[in-house]
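Down below is the structure, laid out as C-alpha cells.
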Number of protein chains: 2
Amino acid sequence: MSERSHIIVVEDEPVTRMTLTSYFEAQGYRTSEAEDSSGLDDILQSDPADLLIVDINLSGKDGLEITRELRAVSEVGIILVSARSDDVDRIVGLELGADDYVVKPFNKRELLARVKNLLRRTRAARQLTRSVRSFDGFQLDLSSRWLTSRDGKLVPLTRAEFELLAILTTHPGQVLTRERLMQGVTHRSDGGNERTVDVLVRRLRAKLERDPRSPQIISTAHGEGYIFTAALE
Amino acid sequence: MSERSHIIVVEDEPVTRMTLTSYFEAQGYRTSEAEDSSGLDDILQSDPADLLIVDINLSGKDGLEITRELRAVSEVGIILVSARSDDVDRIVGLELGADDYVVKPFNKRELLARVKNLLRRTRAARQLTRSVRSFDGFQLDLSSRWLTSRDGKLVPLTRAEFELLAILTTHPGQVLTRERLMQGVTHRSDGGNERTVDVLVRRLRAKLERDPRSPQIISTAHGEGYIFTAALE
DNA sequence: ACGGATTTGTTAAAAGTTGTTAACAAAATG
DNA sequence: CATTTTGTTAACAACTTTTAACAAATCCGT
C-alpha cells in the first residue's frame with residue numbers, strides 16, 4: 001500500500017529514456033521502460049503504473065493516441081513530452097486528458113516536481129475510487145478490504161489473506177513466485193520462509209474454493225509458484 | 001455534486017483578470033476575482049474555491065507565498081500564471097505544490113484544458129476538505145466536532161476519539177501506523193505507549209460499529225496499524 | 001482550590017493472527 | 001517403478017491485537 005510509485009517511461013530514443021529512468025530510480029521511484037505503445041501494453045498487463053511519461057513522437061501509435069486510449073479506461077497520470085513546442089499538439093494532448101505537457105529540453109527538477117504533484121493528486125483520486133474485482137461469484141473490494149461471497153455474505157479475511165488475494169487478482173493467469181507473493185504480503189524485503197506462502201494459500205483456498213482439494217481459483221504451478229485461474233469479470 | 005466549480009482568479013491587472021473570469025463564466029464555471037492575497041482570503045472565508053488561478057507578481061504577498069500558505073492547509077488546485085518564463089520561479093512554484101505554471105501570453109483553450117484536468121483530479125480531494133464527512137449513516141462535523149448517528153442521534157465523542165476519527169477519515173483506505181495515529185491524537189512528538197491507540201480504537205469502535213467484534217468501519221491491519229474502511233459518501 | 005466525574009493512559013491476561021516445522025502426499029525424473 | 005523433488009497439511013510457536021480493570025490526569029462546578 002505504501003509501496004514505491006511505479007512510473008513507466010515511453011520514449012523511442014534510448015539515451016533520453018535511460019536518463020529519465022535512472023533519474024527517477026535515484027529519486028526513489030520504481031520505473032519501467034517501453035519504446036513504443038505495444039511495449040507499454042506489455043508492461044501495463046503485468047504491472048499497472050501510477051504515472052506515465054510519454055514521448056509524443058513515437059513510431060506506431062503516437063503519444064496522443066496512447067493518451068486517448070488509456071484515458072478512456074484509466075485514471076493513470078499522464079505527462080506528455082515533446083521535442084518541439086507545438087501549440088496544437090499541446091492543446092490536443094491536454095484535451096485528450098493528459099495531465100501535463102513538457103517540452104524538451106526540460107529541467108529534470110521541474111519534471112520531478114510535476115511528477116510529485118501529479119502523484120499526490122492521483123493517489124487521492126485512487127483512494128475514493130472504490131475498485132471491486134469480481135470472480136466466480138465473489139466480490140473483492142480493494143479499498144474496504146471486504147470479500148463478499150456467492151450468497152452475498154461477508155467473508156472475513158485476515159490482513160495477510162487479503163493482501164495475498166489482492167496480488168493474485170492483480171496478475172490473473174500469471175505465475176507468481178513465492179518470493180514475489182511473500183514480498184507483497186509482508187511488505188518487508190527480507191525473504192522469510194517460503195513455506196509460509198503455501199500455508200497462506202491453503203487458508204485462502206479454504207475460504208474461496210468450492211472443493212479445496214481440487215482448487216479452481218488459486219492453482220499451483222508446480223516448481224514455480226501459484227496462479228490466479230478464475231475469470232475476472 | 002453537479003454544482004458549478006468555483007474558480008478564483010487572483011491577478012492585479014484588471015483587464016487580464018476580467019478576461020479570465022468572463023471566459024470561465026462563459027465556460028460554465030462560477031468565478032470570483034481578487035487583486036491580492038487579502039482579497040483572496042476574504043473570498044475563501046465565505047466561499048471555498050475548487051481551483052485558484054494566481055498571478056505570481058502581486059503587490060503584497062506574491063503568488064509563491066500564497067501557494068506556500070494555502071498548500072499547507074488545503075488541497076485546492078493552484079495554477080500559477082506569470083508574465084515571464086523564469087525557470088527558478090517555475091520550479092519553486094511547482095515545488096511549493098502548485099499544480100501548474102502557465103506563462104503569459106497563454107492560449108485560453110489550453111488553460112481551459114488544464115483547468116478541466118485539474119478539477120477532475122481534485123474532485124476526490126475536495127470531498128475530504130468538506131467540513132462534514134458521511135459514512136455508513138454517520139455524519140462527522142469537523143468544525144462543531146459532533147458525530148451524528150444513523151438514527152439522527154448525537155454520539156458524544158471525547159476529544160481523543162474525535163481526533164482519531166478525523167485522522168482516519170482523512171486517509172480512507174490507507175493503513176495508518178499507531179505512531180502516526182498517536183501523533184495526530186496527542187499532538188506530542190514523543191512516542192508514548194502504542195497500546196494506547198488500540199484502546200482508543202476499541203472505544204471508538206464501541207460507538208461506531210454495528211458489531212464491534214467484527215469491525216467494518218475501522219479495520220485492523222495486523223502488524224501495521226489501522227485502516228478506515230467504510231465508504232465516504 | 002476542592003472533590004467528584006470524566007477522560008486518558010497503562011498493564012496484563014485472553015484471543016486472534018501469522019510464521020515455522022515436520023510428517024505425509026503428489027508430481028516429476030530417470 | 002524407485003527416487004527425488006516439491007506441495008499440502010496439521011500442530012504448534014511466536015507474535016500482535018483485543019479486552020477489561022485500574023491508575024493517572026484533566027475537567028468542571030462550586
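Computation of the quantities below employed the complete heavy-atom set of this structure, encompassing side-chain atoms and omitting hydrogens, waters and symmetry-equivalent molecules. Protein chains get the first letters and strands the later ones, always in sequence-line order, with residue 1 at the start of each.
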Please evaluate the base of D:dG7 for a donor-acceptor partner in the side chain of A:R205 within a cut-off of under 3.5 Å?
no
Can you name the atoms? Protein N/O to nucleotides 24-30 of chain C N/O, anything below 3.5 Å, with the distance.
none

Counting any heavy atom closer than 4.0 Å, what does B:T196 reach on the DNA or RNA strands: base, sugar-phosphate only, or nothing?
base
Please report the distance, rounded to the nearest Å, between CG in B:D198 and C1' in D:dT16.
9 Å
Taken to the nearest whole Å, CZ/B:R213 to P/D:dT17 is 20 Å
To the nearest angstrom, how far is A:L200 atom CG from C:dT17 atom C1'?
10 Å
In terms of side-chain geometry, is the basic nitrogen of B:E75 or A:R121 positioned less than 4.0 Å from the acidic oxygen of its partner?
yes
Is the shortest heavy-atom distance from the side chain of B:Y226 to the side chain of B:V197 under 4.5 Å?
yes
Rounded to whole Å, how long is the line connecting atom CG of B:N193 with atom P of D:dT18?
14 Å
So, is A:T158 near the phosphate of C:dT18, with a side-chain N or O under 4.0 Å from OP1 or OP2?
yes
Check the surroundings of atom CH2 in A:W146: do more than 12 heavy atoms from other residues, nucleotides or ligands lie under 6.0 Å from it?
yes
Rounding to a whole Å, what distance do you find between B:L204:CG and C:dG9:P?
14 Å
Would you mind reporting whether A:L168 and A:I218 have side-chain heavy atoms less than 4.5 Å apart?
yes
Looking for any heavy atom pair under 4.0 Å, which part of the strands does A:V199 touch: base, sugar-phosphate only, or nothing?
base
When rounded to the nearest 0.5 angstrom, what distance separates CG in B:L157 from CG in B:L165?
6.5 Å
Among A:K207, A:R145, A:R203, the one residue meeting salt bridge (Lys or Arg N to Asp or Glu O under 4.0 Å) with A:E161:
A:K207
Just how far, in rounded Å, is C1' of D:dT19 from CZ of B:R195?
12 Å
Let me see the working for B:R114 and B:N117 under side chain to side chain donor-acceptor pair (under 3.5 Å), right down to the final yes or no.
CA-CA 5 Å; B:R114 290 188 185 270; B:N117 287 336; over 6 Å; no
Is it the case that the base of C:dG9 and the side chain of B:R203 share a donor-acceptor contact (distance under 3.5 Å, atom types as modelled)?
yes
Using only side-chain N and O atoms of B:R178, determine if any of them is under 4.0 Å from OP1 or OP2 of D:dT17.
yes
Would you say A:R202 reaches D:dA10's phosphate, i.e. side-chain N/O to OP1/OP2 under 4.0 Å?
yes
note: B:E194, atom CD; D:dT16, atom C1'; distance rounded to Å ~ 12 Å
d(CZ, A:R159; P, D:dT17) in whole Å:
10 Å
Would you indicate what B:F162 reaches in the nucleic acid, counting non-hydrogen atoms under 4.0 angstrom: base, sugar-phosphate, or nothing?
nothing
